[in-house]
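In what follows, a single structure is set out as structure tokens and then discussed.
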Amino acid sequence: MKYTILPTPKEIIEHSGVFHLKNCAVCVSDDLDPRVIKSAVNLRTHLVAKTDSFHKFSRIPKEKSNCVLIEKNTTISPEGYRIDINENGIYITGGNDAGCFYGIKTLLQIIDSADENIDAMTINDSPDMAYRGFYYDATRGRVPTVKGIKQIINTISNYKMNSLQLYVEHSFDFDEFKTSIRTEDDYLTADDILEIDEYCYNNFIDFVPSLSTFGHLYELLMKNEYKHLCELKDYEASSHFWWERMKHHTIDPSNPESFEVVSSLIDQYLPLFRSKYFNICCDETFDLAQGRNQGKDKAELYIDFVSKITDHITKAGKTVMMWGDIALAHPHLLPRIPEGTVLLNWDYGDSPNTARIKNVSETGISQIVCPGTAAWMGLIELTDQSVPNILKMVQTGLQYGAFGMLNTNWGDLGHPCNPECSLYGTVLGACASWNSGTNVDDEYNKSFSKLVYGSNADIVPIIGSLCKAQRSAAWKALFDWTETRDSSCFVYDEASVSKSIDACRKIHNELKESSGLLQFLSIAAQGIGILNEAVLKIKQNGHVDICWKRNAGNWFEVYKKQWLNSSKSSELCEIESFLKKI
């Protein structure tokens, strides 16, 4: 097939003949959602630019020729679509409005990879999973701007995802943080959320609120007003807050005031979303029964508090989602998960534990499988981890009746990876959840390179090389070294590190004159090379030199501009501080 299309359609039947795009009309049926009409108008604009000719926009005429015609047909499955192309026209038929929208998305890709003539063909396509979501960390160092989130929405919408969640702990304008010294560069506002919700809706994406309500409440529980609600009595931080947020953060479920505070957070956040879902998180409650509740049954404490939160959400008319790690660690709790709850079953390894998906399936609890982009704690995504993880989680999820996939992009240790450097895993999650038969081969990689990065060359090997180079100068290892000055943090030998430095220099030089998204890979390559140089100097001399510090400072200034392209300044200063500590 000469046309570049992702996700790969389920069926493409080629016919003889071509349709000439020049001067064709774009026609829509009367019963289409305004969002589809808007997409059809965008298609018309695209055709004008492609053919440099006039294209009429109208209702469907009696003579259905020389046009792109868009209409619904309920005999097609929801979100599914059919595209028929012959000498007379292009006919897009969707099972519902979303199906029409996705049919237009596919046609836009075809047009972009064609000349002014398109070969006759029939495409029949529909998703394997009803829920196809993307989860983006908006808490651990990087708080995205509305512009940045819209960029993410554009990407996931182009590849037919239908849900977005932002991970939030303290990074919203909650009343509980009114005594903190904060600016709008540190958090999302109600206006931000409303604008994102509207943009999602216009792109057939369900914007689901996701809020920490049990574990991961470090910033709240370290405030003087709420320290008495921390499970760990008189807890004092002993390491950088990036680590502390991930470790010590569980609220005391036995204190009635805890539920009052959590309810307050929910009630400030929930009304901003039109989604029927609310993700209460409730994951990684590491400290539970280790402090104020020591000696009590950890599982009972957990399920009782979760049930209270769930009841509060359901009374507001929402369906609860929650991470499944704690319940799965105590399997006897699964039958006590409140009815109607959707369990988010996560595993991010390259060989995920698929037995947990089977176990949830046997309980009858609705579940969504949650793989990850492996884009945390580094400047580039780790594709050797994310590719097998995403494909296996999706395939196993379908095997055991999961109704969807939520592909996660976390931001541990400051969220250094720009979203533009985690696009392979992001797009693969979209493609695999739409078409579980997605084959990650040379053809797929070339299609990805063309559609996502605008490159006629296959850039996936470049991402793979950077992934490998990042491992020899791991962000976490360098961060640990700044805290301990213990060079045993670095597990790679000098020859491997030197090889990584050479690879990064080569990639940076190849891409530095590129434009668009490739510039993000170029700067990531330069940064990974600089981090490898730091490791090499530390191994050889026990420290970095003035020359390295100057190069790192110059690199950071360029990286800073890229960060601010899609994110608020938020904790960018901590990235700079980390580099200076090296």
Residues in ring-ring contact (aromatic ring centres under 6.0 Å, His included) contact with [X], at least two apart in sequence or another chain:
X	answer
Tyr81	none
Tyr159	none
Phe286	His249

Exercise. Before giving the answer on ring pair (Phe, Tyr, Trp, His ring centres under 6.0 Å), spell out for Trp323 and Tyr135 the whole-Å C-alpha distance, their side-chain angles and the decisive distance to 0.1 Å.
Key: CA-CA 12 Å; Trp323 300 112; Tyr135 194 89; 5.2 Å; yes
Quiz item: Looking only at heavy atoms, what is the nearest atom pair of Ala525 and Ile507, with distance?
Solution: CB-CG2, 3.8 Å
Exercise. Look at the aromatic rings of Tyr167 and His216 and report parallel, tilted or perpendicular, splitting at 30° and 60°.
Key: perpendicular
Quiz item: Any donor and acceptor pair, going by atom type alone, linking the side chain of Glu244 with main-chain N or O of Ser239 inside 3.5 Å?
Solution: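 Yes, because the side chain of Glu244 sits within donor-acceptor range (under 3.5 Å) of the backbone of Ser239.
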Quiz item: Under 3.5 Å, is there a donor-acceptor pair between the side chain of Ser433 and the main chain of Ala430?
Solution: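 Pair found, side chain donor or acceptor close to backbone of Ala430.
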Self-check item: Trace of the ring pair (Phe, Tyr, Trp, His ring centres under 6.0 Å) decision for Phe479 with Trp475
Solution: CA-CA 6 Å; Phe479 191 81; Trp475 188 268; 8.1 Å; no
Exercise. Could you check Tyr424 against Phe448 for ring pair (Phe, Tyr, Trp, His ring centres under 6.0 Å), going step by step and ending with a plain yes or no?
Key: CA-CA 8 Å; Tyr424 192 85; Phe448 167 83; 4.8 Å; yes
Self-check item: Sidechain N-carboxylate O distance under 4.0 Å for Lys10, Asp128
Solution: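 Answer for the salt bridge query: yes.
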Exercise. Assess whether atom NZ of Lys50 is packed by more than 12 heavy atoms of other residues, nucleotides or ligands within 6.0 Å.
Key: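 More than 12 within 6.0 Å, yes.
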Exercise. Please step through ring pair (Phe, Tyr, Trp, His ring centres under 6.0 Å) for the pair Tyr269 and Phe273, ending with a clear verdict.
Key: CA-CA 8 Å; Tyr269 204 48; Phe273 298 80; 4.9 Å; yes
Residues [X] and [Y]: side-chain donor-acceptor under 3.5 angstrom:
X	Y	answer
Glu483	Trp243	no
Asn551	Glu533	no
Ser488	Asp486	yes

Quiz prompt | Approximate separation, where rounding is to 0.5 Å, of Asp493 CG and Ser472 OG | solution =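 Going from the CG atom of Asp493 to the OG atom of Ser472 covers 9.5 Å.
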Practice problem: Would you sort out whether Trp434 and Tyr102 count as a side-chain hydrogen bond (donor to acceptor under 3.5 Å, both in side chains), showing the intermediate values? | Solution: CA-CA 11 Å; Trp434 179 275; Tyr102 296 137; over 6 Å; no
